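Let me begin by presenting the structure, written as C-alpha coordinates, before commenting on it.
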Amino acid sequence: MSNIKIALDEIRRGVSEIIDIKRIESLIEKFYRDGSTYSVKAGFDPTGADLHLGHTVLLQKLRIFQNHGATIQLLIGDFTATIGDPTGKSETRKVLDRDTILKNAKTYQEQVFKILDRSKTEVVFNSTWLDKLGASGLVELTTLFNVARMLERDDFEKRYKSGKSISISEFIYPLLQGYDSVVLKSDIEIGGTDQKFNLLMGRYLQRAYQLNKQQAILMMPILEGLDGVAKMSKSLNNYIGITEEPKDIYAKVMSISDNLMWRYYEILSDKSLKEIEKMLQDVENGLLHPKKVKENLALELTTRFYNEESATMAKSEFDKVFKSNKLPTDMVKFEVEDGIWICKALVEIGLEPSTSQARRDIKQGAVRIDQKKISDEKINLKKGRYILQVGKRKFAKVEVK
RNA sequence: GGUGAGUUACUCAAGCGGCCAACGAGGGCAGACUGUAAAUCUGCUGACUAUGUCUUCGAAGGUUCGAAUCCUUCACUCACCA
(Lines give C-alpha, C1' and ligand atoms only; values in the text may rest on other atoms or scores of the structure.)
Protein backbone atom coordinates (compact mmCIF):
# COMPACT_ATOMS: atom_id res chain seq x y z
CA MET A 1 0.00 0.00 0.00
CA SER A 2 1.28 3.42 -0.83
CA ASN A 3 1.91 6.08 1.79
CA ILE A 4 -0.97 8.06 0.45
CA LYS A 5 -3.40 5.24 0.77
CA ILE A 6 -2.29 4.49 4.33
CA ALA A 7 -2.60 8.14 5.23
CA LEU A 8 -6.09 8.40 3.85
CA ASP A 9 -7.20 5.28 5.62
CA GLU A 10 -5.92 6.61 8.91
CA ILE A 11 -7.62 9.90 8.31
CA ARG A 12 -10.96 8.33 7.48
CA ARG A 13 -11.00 6.06 10.50
CA GLY A 14 -13.74 6.90 12.96
CA VAL A 15 -14.75 10.06 11.16
CA SER A 16 -18.43 10.69 11.02
CA GLU A 17 -18.55 12.92 7.95
CA ILE A 18 -16.13 14.43 5.47
CA ILE A 19 -16.94 17.27 3.14
CA ASP A 20 -14.72 17.60 0.10
CA ILE A 21 -12.61 14.47 0.46
CA LYS A 22 -11.05 15.26 -2.93
CA ARG A 23 -9.39 18.29 -1.50
CA ILE A 24 -7.90 16.26 1.32
CA GLU A 25 -6.69 13.63 -1.09
CA SER A 26 -4.92 16.15 -3.24
CA LEU A 27 -3.28 17.81 -0.23
CA ILE A 28 -1.93 14.51 1.00
CA GLU A 29 -0.81 13.55 -2.47
CA LYS A 30 1.02 16.79 -2.86
CA PHE A 31 2.77 16.33 0.46
CA TYR A 32 4.04 12.92 -0.46
CA ARG A 33 5.09 14.16 -3.90
CA ASP A 34 7.02 17.31 -3.08
CA GLY A 35 6.77 17.71 0.68
CA SER A 36 4.57 20.79 0.66
CA THR A 37 2.58 21.18 3.84
CA TYR A 38 -0.96 22.35 4.43
CA SER A 39 -2.93 23.69 7.36
CA VAL A 40 -5.57 22.06 9.47
CA LYS A 41 -7.59 24.28 11.74
CA ALA A 42 -9.22 23.21 14.95
CA GLY A 43 -10.87 25.60 17.31
CA PHE A 44 -11.05 25.28 21.05
CA ASP A 45 -13.25 27.26 23.29
CA PRO A 46 -11.32 27.93 26.46
CA THR A 47 -14.39 27.72 28.63
CA GLY A 48 -13.27 24.89 30.83
CA ALA A 49 -9.69 24.48 31.87
CA ASP A 50 -9.32 20.74 31.64
CA LEU A 51 -9.18 18.64 28.54
CA HIS A 52 -11.07 15.40 28.66
CA LEU A 53 -11.39 12.36 26.46
CA GLY A 54 -13.98 14.10 24.33
CA HIS A 55 -11.38 16.61 23.23
CA THR A 56 -8.86 13.90 22.51
CA VAL A 57 -11.04 12.46 19.78
CA LEU A 58 -10.24 15.58 17.83
CA LEU A 59 -6.66 15.85 18.98
CA GLN A 60 -5.86 12.28 18.02
CA LYS A 61 -7.08 13.01 14.55
CA LEU A 62 -5.03 16.17 14.34
CA ARG A 63 -2.01 14.18 15.38
CA ILE A 64 -2.59 11.86 12.46
CA PHE A 65 -2.72 14.81 10.13
CA GLN A 66 0.57 15.99 11.58
CA ASN A 67 2.06 12.65 10.71
CA HIS A 68 1.06 13.27 7.15
CA GLY A 69 2.33 16.72 6.55
CA ALA A 70 -0.13 19.02 8.24
CA THR A 71 0.59 22.09 10.28
CA ILE A 72 -2.09 22.41 12.91
CA GLN A 73 -3.65 25.78 13.47
CA LEU A 74 -4.71 25.43 17.06
CA LEU A 75 -7.17 28.20 17.39
CA ILE A 76 -7.93 29.40 20.87
CA GLY A 77 -11.26 31.12 20.65
CA ASP A 78 -10.47 33.70 23.27
CA PHE A 79 -12.59 36.33 21.59
CA THR A 80 -15.51 34.12 20.69
CA ALA A 81 -15.52 32.65 24.18
CA THR A 82 -16.62 36.03 25.40
CA ILE A 83 -19.77 35.48 23.36
CA GLY A 84 -20.35 31.83 24.04
CA ASP A 85 -21.07 29.29 21.38
CA PRO A 86 -24.75 28.46 21.39
CA THR A 87 -24.23 25.06 19.78
CA GLY A 88 -26.26 22.33 21.39
CA LYS A 89 -27.50 24.59 24.09
CA SER A 90 -31.16 25.11 24.55
CA GLU A 91 -30.61 28.42 26.20
CA THR A 92 -28.25 31.31 26.09
CA ARG A 93 -24.87 30.48 27.44
CA LYS A 94 -23.18 32.36 30.20
CA VAL A 95 -20.41 34.67 29.23
CA LEU A 96 -16.96 34.28 30.72
CA ASP A 97 -14.71 37.06 31.79
CA ARG A 98 -11.46 37.60 30.01
CA ASP A 99 -9.10 36.64 32.83
CA THR A 100 -10.56 33.19 33.25
CA ILE A 101 -10.49 32.68 29.53
CA LEU A 102 -6.80 33.50 29.30
CA LYS A 103 -5.97 31.30 32.23
CA ASN A 104 -7.92 28.44 30.73
CA ALA A 105 -6.24 28.93 27.39
CA LYS A 106 -2.87 28.51 29.00
CA THR A 107 -3.67 25.25 30.75
CA TYR A 108 -5.23 24.06 27.53
CA GLN A 109 -1.97 24.43 25.72
CA GLU A 110 -0.02 22.55 28.34
CA GLN A 111 -2.36 19.62 27.96
CA VAL A 112 -2.75 19.68 24.23
CA PHE A 113 0.89 18.85 23.71
CA LYS A 114 0.47 15.58 25.49
CA ILE A 115 -0.98 14.54 22.17
CA LEU A 116 0.06 17.01 19.50
CA ASP A 117 3.52 17.54 18.07
CA ARG A 118 4.52 20.98 19.24
CA SER A 119 6.85 21.61 16.33
CA LYS A 120 4.03 21.20 13.84
CA THR A 121 1.53 23.29 15.71
CA GLU A 122 0.77 26.94 15.47
CA VAL A 123 -1.20 28.36 18.38
CA VAL A 124 -3.32 31.32 17.43
CA PHE A 125 -5.80 33.47 19.32
CA ASN A 126 -8.72 34.82 17.40
CA SER A 127 -8.80 38.03 19.38
CA THR A 128 -5.67 38.93 17.38
CA TRP A 129 -7.71 39.70 14.32
CA LEU A 130 -11.21 39.94 15.70
CA ASP A 131 -10.25 42.80 17.98
CA LYS A 132 -9.12 44.68 14.91
CA LEU A 133 -12.13 43.85 12.82
CA GLY A 134 -14.01 46.83 14.13
CA ALA A 135 -17.61 47.80 13.63
CA SER A 136 -17.32 48.31 9.90
CA GLY A 137 -15.64 44.97 9.41
CA LEU A 138 -18.27 43.31 11.50
CA VAL A 139 -21.08 44.89 9.57
CA GLU A 140 -19.47 43.84 6.32
CA LEU A 141 -19.28 40.32 7.66
CA THR A 142 -22.93 40.27 8.65
CA THR A 143 -24.06 41.42 5.21
CA LEU A 144 -22.72 38.19 3.78
CA PHE A 145 -25.34 36.12 5.49
CA ASN A 146 -29.00 36.35 6.34
CA VAL A 147 -31.31 35.52 9.16
CA ALA A 148 -33.32 32.93 7.28
CA ARG A 149 -30.24 30.87 6.66
CA MET A 150 -29.08 31.39 10.18
CA LEU A 151 -32.34 29.99 11.40
CA GLU A 152 -31.70 26.85 9.41
CA ARG A 153 -29.41 25.85 12.14
CA ASP A 154 -31.13 23.26 14.21
CA ASP A 155 -30.77 24.67 17.69
CA PHE A 156 -31.64 28.19 16.57
CA GLU A 157 -34.71 26.91 14.82
CA LYS A 158 -35.85 25.03 17.88
CA ARG A 159 -35.33 27.94 20.16
CA TYR A 160 -36.94 30.33 17.74
CA LYS A 161 -40.02 28.17 17.35
CA SER A 162 -40.41 27.52 21.03
CA GLY A 163 -40.03 31.20 21.76
CA LYS A 164 -36.77 30.93 23.68
CA SER A 165 -34.47 33.85 23.46
CA ILE A 166 -31.63 34.02 20.97
CA SER A 167 -29.33 36.93 21.37
CA ILE A 168 -27.93 38.67 18.32
CA SER A 169 -24.42 37.94 19.51
CA GLU A 170 -25.17 34.28 19.12
CA PHE A 171 -25.92 34.85 15.46
CA ILE A 172 -22.57 36.49 15.16
CA TYR A 173 -20.74 33.56 16.68
CA PRO A 174 -20.81 31.28 13.63
CA LEU A 175 -19.87 34.21 11.43
CA LEU A 176 -16.82 34.93 13.50
CA GLN A 177 -15.80 31.32 13.62
CA GLY A 178 -16.08 31.22 9.87
CA TYR A 179 -14.13 34.42 9.55
CA ASP A 180 -11.30 32.77 11.48
CA SER A 181 -10.98 30.35 8.60
CA VAL A 182 -10.77 33.26 6.20
CA VAL A 183 -7.94 34.90 8.10
CA LEU A 184 -6.09 31.65 8.66
CA LYS A 185 -6.65 30.49 5.09
CA SER A 186 -7.18 27.02 6.44
CA ASP A 187 -7.09 24.08 4.08
CA ILE A 188 -9.01 21.75 6.34
CA GLU A 189 -11.04 22.28 9.48
CA ILE A 190 -11.86 19.63 12.02
CA GLY A 191 -14.68 19.76 14.50
CA GLY A 192 -17.39 17.73 16.15
CA THR A 193 -20.53 16.80 14.25
CA ASP A 194 -22.39 19.35 16.31
CA GLN A 195 -20.24 22.00 14.70
CA LYS A 196 -21.35 21.28 11.17
CA PHE A 197 -23.11 24.56 10.66
CA ASN A 198 -20.20 26.57 11.96
CA LEU A 199 -17.69 24.57 9.96
CA LEU A 200 -19.64 25.07 6.78
CA MET A 201 -19.76 28.75 7.54
CA GLY A 202 -15.98 28.81 7.28
CA ARG A 203 -16.17 27.20 3.89
CA TYR A 204 -18.84 29.60 2.76
CA LEU A 205 -17.05 32.70 3.98
CA GLN A 206 -13.76 31.68 2.40
CA ARG A 207 -15.59 31.79 -0.89
CA ALA A 208 -17.41 34.98 -0.05
CA TYR A 209 -14.09 36.66 0.72
CA GLN A 210 -12.73 35.30 -2.53
CA LEU A 211 -9.94 33.28 -1.05
CA ASN A 212 -10.03 31.05 -4.11
CA LYS A 213 -9.96 28.00 -1.94
CA GLN A 214 -12.44 26.41 0.37
CA GLN A 215 -11.59 24.40 3.41
CA ALA A 216 -12.41 20.73 3.48
CA ILE A 217 -14.31 19.67 6.56
CA LEU A 218 -13.87 16.66 8.72
CA MET A 219 -16.35 15.97 11.47
CA MET A 220 -15.66 13.73 14.41
CA PRO A 221 -18.38 11.97 16.36
CA ILE A 222 -19.31 13.36 19.72
CA LEU A 223 -18.16 11.27 22.61
CA GLU A 224 -20.77 10.39 25.17
CA GLY A 225 -19.92 10.93 28.81
CA LEU A 226 -19.67 8.29 31.50
CA ASP A 227 -23.44 8.18 31.82
CA GLY A 228 -23.67 7.10 28.19
CA VAL A 229 -26.33 9.64 27.41
CA ALA A 230 -25.15 13.21 27.39
CA LYS A 231 -22.11 14.55 25.60
CA MET A 232 -18.97 14.32 27.66
CA SER A 233 -18.47 17.64 29.33
CA LYS A 234 -17.04 19.14 32.38
CA SER A 235 -20.20 20.85 33.45
CA LEU A 236 -22.09 17.57 33.53
CA ASN A 237 -19.28 15.97 35.45
CA ASN A 238 -19.37 12.89 33.28
CA TYR A 239 -15.87 13.19 31.91
CA ILE A 240 -12.48 11.59 32.14
CA GLY A 241 -9.85 14.29 32.28
CA ILE A 242 -6.52 13.58 30.67
CA THR A 243 -4.62 15.01 33.61
CA GLU A 244 -6.37 12.83 36.12
CA GLU A 245 -4.41 10.26 38.10
CA PRO A 246 -3.81 6.95 36.30
CA LYS A 247 -5.89 5.09 38.83
CA ASP A 248 -8.78 7.49 38.34
CA ILE A 249 -8.69 7.21 34.58
CA TYR A 250 -8.55 3.45 34.89
CA ALA A 251 -11.39 3.31 37.39
CA LYS A 252 -13.58 5.65 35.43
CA VAL A 253 -13.20 3.62 32.28
CA MET A 254 -14.08 0.50 34.25
CA SER A 255 -17.26 2.11 35.46
CA ILE A 256 -18.82 2.65 32.07
CA SER A 257 -21.51 0.34 30.81
CA ASP A 258 -20.72 -2.44 28.37
CA ASN A 259 -22.62 -0.77 25.58
CA LEU A 260 -20.73 2.40 26.06
CA MET A 261 -17.49 0.46 26.16
CA TRP A 262 -17.93 -0.55 22.53
CA ARG A 263 -18.61 3.00 21.58
CA TYR A 264 -15.44 4.10 23.35
CA TYR A 265 -13.50 1.40 21.56
CA GLU A 266 -14.77 2.59 18.26
CA ILE A 267 -13.99 6.22 18.86
CA LEU A 268 -11.00 6.21 21.17
CA SER A 269 -9.06 3.01 20.75
CA ASP A 270 -6.15 2.52 18.39
CA LYS A 271 -7.32 -0.98 17.68
CA SER A 272 -8.50 -1.61 14.16
CA LEU A 273 -12.19 -1.88 13.50
CA LYS A 274 -11.61 -5.48 12.55
CA GLU A 275 -10.10 -6.33 15.91
CA ILE A 276 -12.93 -4.62 17.70
CA GLU A 277 -15.48 -6.49 15.65
CA LYS A 278 -13.74 -9.75 16.53
CA MET A 279 -13.86 -8.96 20.24
CA LEU A 280 -17.53 -8.15 19.99
CA GLN A 281 -18.19 -11.51 18.38
CA ASP A 282 -16.16 -13.36 20.96
CA VAL A 283 -18.02 -11.70 23.78
CA GLU A 284 -21.33 -12.55 22.19
CA ASN A 285 -20.30 -16.17 21.79
CA GLY A 286 -19.14 -16.31 25.37
CA LEU A 287 -15.51 -16.82 24.43
CA LEU A 288 -14.43 -13.58 26.03
CA HIS A 289 -15.54 -11.94 29.25
CA PRO A 290 -16.67 -8.37 28.73
CA LYS A 291 -14.85 -7.32 31.84
CA LYS A 292 -11.59 -8.44 30.30
CA VAL A 293 -12.33 -6.36 27.25
CA LYS A 294 -13.04 -3.38 29.41
CA GLU A 295 -9.82 -3.85 31.32
CA ASN A 296 -7.91 -3.73 28.07
CA LEU A 297 -9.59 -0.51 27.11
CA ALA A 298 -8.84 0.99 30.49
CA LEU A 299 -5.23 -0.04 30.14
CA GLU A 300 -4.93 1.35 26.65
CA LEU A 301 -6.33 4.72 27.60
CA THR A 302 -4.35 5.02 30.81
CA THR A 303 -1.18 4.15 28.91
CA ARG A 304 -1.92 6.80 26.36
CA PHE A 305 -1.72 9.62 28.88
CA TYR A 306 0.96 8.12 31.10
CA ASN A 307 2.83 4.93 30.33
CA GLU A 308 2.46 1.20 30.51
CA GLU A 309 3.95 0.97 33.94
CA SER A 310 1.53 3.41 35.56
CA ALA A 311 -1.33 1.76 33.75
CA THR A 312 -0.42 -1.66 35.10
CA MET A 313 -0.12 -0.21 38.55
CA ALA A 314 -3.48 1.43 38.21
CA LYS A 315 -4.94 -1.92 37.26
CA SER A 316 -3.47 -3.83 40.17
CA GLU A 317 -4.55 -1.11 42.56
CA PHE A 318 -8.03 -1.28 41.14
CA ASP A 319 -8.17 -5.04 41.42
CA LYS A 320 -6.90 -4.89 44.95
CA VAL A 321 -9.52 -2.46 46.14
CA PHE A 322 -12.55 -3.64 44.25
CA LYS A 323 -11.96 -7.23 43.37
CA SER A 324 -10.48 -8.48 46.59
CA ASN A 325 -11.97 -5.75 48.74
CA LYS A 326 -8.65 -4.69 50.18
CA LEU A 327 -7.67 -1.21 51.07
CA PRO A 328 -5.95 1.06 48.59
CA THR A 329 -2.20 1.51 48.96
CA ASP A 330 -2.13 5.20 49.48
CA MET A 331 -4.85 7.01 51.29
CA VAL A 332 -5.14 10.56 52.40
CA LYS A 333 -3.95 10.95 55.97
CA PHE A 334 -5.48 13.18 58.57
CA GLU A 335 -5.02 14.02 62.19
CA VAL A 336 -7.96 14.76 64.42
CA GLU A 337 -8.50 15.47 68.08
CA ASP A 338 -9.11 12.89 70.72
CA GLY A 339 -12.70 12.00 71.42
CA ILE A 340 -14.00 13.51 68.21
CA TRP A 341 -17.49 12.56 67.19
CA ILE A 342 -17.40 10.22 64.21
CA CYS A 343 -19.71 12.35 62.08
CA LYS A 344 -17.65 15.43 62.78
CA ALA A 345 -14.50 13.56 61.89
CA LEU A 346 -15.94 12.45 58.56
CA VAL A 347 -16.84 16.00 57.70
CA GLU A 348 -13.47 17.34 58.80
CA ILE A 349 -11.53 14.99 56.57
CA GLY A 350 -13.81 15.66 53.65
CA LEU A 351 -15.38 12.25 53.33
CA GLU A 352 -18.80 13.73 54.01
CA PRO A 353 -20.24 17.14 53.23
CA SER A 354 -22.22 17.50 56.45
CA THR A 355 -22.88 15.73 59.69
CA SER A 356 -26.43 15.20 58.55
CA GLN A 357 -25.21 13.32 55.53
CA ALA A 358 -22.80 11.39 57.73
CA ARG A 359 -25.63 10.31 60.00
CA ARG A 360 -27.67 9.15 57.06
CA ASP A 361 -24.83 7.14 55.65
CA ILE A 362 -24.12 5.51 58.99
CA LYS A 363 -27.75 4.60 59.30
CA GLN A 364 -27.57 2.96 55.91
CA GLY A 365 -24.47 1.02 56.73
CA ALA A 366 -22.20 2.84 54.33
CA VAL A 367 -19.58 3.83 56.87
CA ARG A 368 -16.80 1.56 58.02
CA ILE A 369 -14.09 1.91 60.61
CA ASP A 370 -11.18 -0.44 59.98
CA GLN A 371 -13.32 -2.35 57.50
CA LYS A 372 -16.08 -2.96 60.02
CA LYS A 373 -19.52 -1.55 59.38
CA ILE A 374 -20.78 0.73 62.10
CA SER A 375 -24.38 1.39 62.94
CA ASP A 376 -24.12 3.70 65.90
CA GLU A 377 -23.93 7.30 64.87
CA LYS A 378 -22.93 8.43 68.33
CA ILE A 379 -19.47 6.91 68.39
CA ASN A 380 -16.56 9.03 69.47
CA LEU A 381 -13.08 8.19 68.31
CA LYS A 382 -10.48 7.35 70.91
CA LYS A 383 -6.76 7.75 70.50
CA GLY A 384 -5.25 5.58 67.84
CA ARG A 385 -5.07 5.07 64.10
CA TYR A 386 -8.11 4.20 62.10
CA ILE A 387 -9.09 3.71 58.54
CA LEU A 388 -12.37 5.36 57.76
CA GLN A 389 -14.39 4.44 54.72
CA VAL A 390 -17.57 5.80 53.23
CA GLY A 391 -19.18 3.78 50.50
CA LYS A 392 -16.99 1.78 48.19
CA ARG A 393 -14.55 4.34 47.07
CA LYS A 394 -13.88 6.92 49.70
CA PHE A 395 -11.08 6.12 52.11
CA ALA A 396 -8.95 8.00 54.60
CA LYS A 397 -6.40 7.25 57.26
CA VAL A 398 -6.99 9.04 60.48
CA GLU A 399 -4.79 9.47 63.47
CA VAL A 400 -6.57 10.48 66.64
CA LYS A 401 -4.28 12.36 68.94
C1' G B 1 -44.62 51.49 26.09
C1' G B 2 -49.60 48.56 27.09
C1' U B 3 -52.05 43.94 28.68
C1' G B 4 -51.71 39.11 30.63
C1' A B 5 -48.96 34.77 32.67
C1' G B 6 -45.05 33.30 35.54
C1' U B 7 -40.35 33.03 39.12
C1' U B 8 -40.62 26.65 44.38
C1' A B 9 -34.52 22.66 46.44
C1' C B 10 -29.25 20.04 41.41
C1' U B 11 -33.16 19.98 37.10
C1' C B 12 -38.32 19.53 35.73
C1' A B 13 -42.62 20.17 38.48
C1' A B 14 -46.97 19.99 42.39
C1' G B 15 -48.64 22.90 46.48
C1' C B 16 -52.45 28.43 46.47
C1' G B 17 -53.48 30.44 54.78
C1' G B 18 -52.09 25.85 59.55
C1' C B 19 -51.62 18.55 58.48
C1' C B 20 -44.96 22.04 54.53
C1' A B 21 -38.25 20.97 55.14
C1' A B 22 -42.60 21.27 51.05
C1' C B 23 -46.32 15.62 46.44
C1' G B 24 -44.14 13.47 42.09
C1' A B 25 -40.32 12.57 38.26
C1' G B 26 -35.28 12.79 36.76
C1' G B 27 -30.47 13.17 38.69
C1' G B 28 -27.22 12.14 42.80
C1' C B 29 -25.64 9.18 47.12
C1' A B 30 -25.97 4.55 49.73
C1' G B 31 -27.51 -0.74 50.43
C1' A B 32 -28.72 -5.70 47.99
C1' C B 33 -27.36 -8.39 43.55
C1' U B 34 -22.84 -8.19 40.30
C1' G B 35 -17.88 -7.77 36.68
C1' U B 36 -17.03 -1.15 41.80
C1' A B 37 -20.55 -2.63 34.86
C1' A B 38 -25.56 -2.35 33.05
C1' A B 39 -30.49 -3.72 34.35
C1' U B 40 -33.44 -4.52 38.69
C1' C B 41 -35.11 -3.94 43.84
C1' U B 42 -34.73 -0.89 48.51
C1' G B 43 -33.52 3.44 51.39
C1' C B 44 -31.85 8.44 51.60
C1' U B 45 -31.54 13.23 49.31
C1' G B 46 -31.56 21.72 53.78
C1' A B 47 -28.47 22.37 58.22
C1' C B 48 -27.51 21.48 63.38
C1' U B 49 -24.20 16.08 68.66
C1' A B 50 -31.10 16.31 66.72
C1' U B 51 -37.84 12.59 68.79
C1' G B 52 -36.18 19.00 69.13
C1' U B 53 -34.11 23.70 67.00
C1' C B 54 -32.75 26.87 62.99
C1' U B 55 -32.65 28.64 57.74
C1' U B 56 -35.19 27.86 52.86
C1' C B 57 -40.26 28.48 48.01
C1' G B 58 -37.15 35.58 42.91
C1' A B 59 -35.97 40.28 46.57
C1' A B 60 -37.69 43.67 50.28
C1' G B 61 -41.63 45.13 53.24
C1' G B 62 -46.78 44.29 55.17
C1' U B 63 -51.55 41.68 56.86
C1' U B 64 -52.27 37.45 60.31
C1' C B 65 -52.00 33.80 66.46
C1' G B 66 -49.87 31.45 61.89
C1' A B 67 -47.57 32.71 54.95
C1' A B 68 -44.41 29.05 49.64
C1' U B 69 -49.66 30.28 49.84
C1' C B 70 -53.04 36.92 50.88
C1' C B 71 -51.46 42.44 50.00
C1' U B 72 -47.65 46.29 48.31
C1' U B 73 -43.20 47.65 45.86
C1' C B 74 -39.00 46.09 43.07
C1' A B 75 -36.16 42.69 39.84
C1' C B 76 -36.15 39.04 36.15
C1' U B 77 -38.55 35.57 32.33
C1' C B 78 -42.31 34.56 28.73
C1' A B 79 -46.76 35.50 25.57
C1' C B 80 -49.95 38.88 22.91
C1' C B 81 -50.36 43.96 21.27
C1' A B 82 -47.46 48.57 19.91
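As a basis for the values below, the full set of heavy atoms in this structure was taken, side chains included, without hydrogen atoms, waters or symmetry mates. Predicted model only: the values in this text are computed from it and were never measured. Every chain is numbered from 1 and lettered A, B, ... according to where its sequence line falls, protein lines coming before strand lines.
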For RNA chain B, whose closest nucleotide is more 5', that of Asp227(A) or that of Tyr250(A)? Asp227(A)
Using the rule for Phe, Tyr, His and the six-membered ring of Trp, do Phe318(A) and U36(B) stack at under 5.5 Å and under 30°? no
Leu346(A) CG to U49(B) P, in whole Å, measures 13 Å
It should be established whether Lys292(A) places a side-chain nitrogen or oxygen under 4.0 Å from OP1 or OP2 of nucleotide G35(B). no
Aromatic Tyr306(A) / basic Lys114(A) pairing, under 6.0 angstrom, 45° off normal: yes
With both distances kept under 3.5 Å, what pairs with A75(B), Watson-Crick or G-U wobble? U7(B)
Can you confirm whether or not the ring centre of Phe79(A) sits under 6.0 Å from the ring centre of Phe125(A)? no
Find which nucleotide of RNA chain B each of Lys323(A) and Arg368(A) is nearest to by heavy atoms, and output the residue with the more 5' nucleotide. Arg368(A)
Taking Arg304(A) for the side chain and Ser269(A) for the main chain, is one N or O donor matched with an acceptor at less than 3.5 Å? no
Looking for any heavy atom pair under 4.0 Å, which part of the strands does Asn238(A) touch: base, sugar-phosphate only, or nothing? nothing
Atom NZ of Lys315(A) and atom P of G35(B): how far apart are they, to the nearest Å? 14 Å
Checking U49(B), A30(B), G35(B) against the side chain of Pro290(A) (C-beta onward), the nearest is G35(B)
So which heavy atom on Met331(A) is nearest to which on Leu327(A), and how close? CE-CB, 4.2 Å
Just checking Ile256(A): base, sugar-phosphate only, or nothing, at a heavy-atom cut-off of under 4.0 Å? sugar-phosphate
With a 3.5 Å limit on both atom pairs, tell me what G1(B) is paired to, counting Watson-Crick and G-U wobble, or say none. C81(B)
Rounded to the nearest 0.5 angstrom, the CD-CZ distance for Glu266(A) and Arg13(A) is 8.0 Å
Report the distance from atom CD of Glu295(A) to atom C1' of G35(B), rounded to the nearest whole Å. 9 Å
I need the NZ-P distance between Lys394(A) and G31(B), as an integer number of Å. 10 Å
Phosphate-side-chain proximity, Lys291(A) and U36(B), N/O vs OP1/OP2 below 4.0 Å: yes
Write down the distance separating the P atoms in U63(B) and A30(B), rounded off to the nearest Å. 48 Å
Between G17(B) and G31(B), how far is it from one P atom to the other, in whole Å? 43 Å
Rounded off to whole Å, could you give me the NZ-to-P distance for the Lys363(A) and U49(B) pair? 14 Å
With P as the reference atom in both, quote the distance from G58(B) to A67(B) in angstrom, rounded to an integer. 15 Å
For the pair made of NZ in Lys378(A) and C1' in U49(B), what is the distance, rounded to whole Å? 7 Å
Say you pick atom C1' in U40(B) and the same atom in U53(B); how far apart are they, in whole Å? 40 Å
To the nearest Å, give me how far apart CG (Leu297(A)) and C1' (A38(B)) are. 16 Å
Could you tell me which nucleotide pairs with C16(B) by Watson-Crick or G-U wobble geometry, both distances under 3.5 Å, or answer none if nothing does? none
Considering Watson-Crick and G-U wobble pairs with both distances under 3.5 Å, what does C33(B) pair with? none
Assess whether one donor atom and one acceptor atom, taken from the side chain of Asp258(A) and the base of G35(B), lie less than 3.5 Å apart. yes
I'd like to check Ser181(A) versus Arg203(A) (side-chain heavy atoms, cut-off strictly below 4.5 Å). Are they in contact? no
Any N/O pairs under 3.5 Å between the protein and nucleotides 40-46 of chain B? List them or say none.
residue : atom : partner   : partner atom : Å
G43(B)  : O2'  : Gln364(A) : OE1          : 3.4
G43(B)  : N2   : Gln364(A) : OE1          : 3.3
G43(B)  : N2   : Gln364(A) : NE2          : 3.1
G43(B)  : N3   : Gln364(A) : OE1          : 2.8

Asn3(A) side chain vs Tyr32(A) backbone, donor-acceptor pair below 3.5 Å: no
Given the P atoms of G24(B) and A75(B), what is the spacing between them in whole Å? 37 Å
Take atom C1' in U69(B) and the same atom in A79(B), then report the distance between them in whole Å. 25 Å
Side chain to side chain, Phe305(A) and Gln111(A), heavy atoms closer than 4.5 Å: no
Centroid-to-centroid, Phe171(A) to Phe145(A), below 6.0 Å? no
Given the P atoms of A21(B) and C54(B), what is the spacing between them in whole Å? 12 Å
Would you mind telling me which of A32(B), G35(B), U49(B) lies closest to the side-chain atoms of Lys294(A)? G35(B)
Whole-Å distance separating the CZ atom of Arg359(A) from the P atom of A50(B): 7 Å
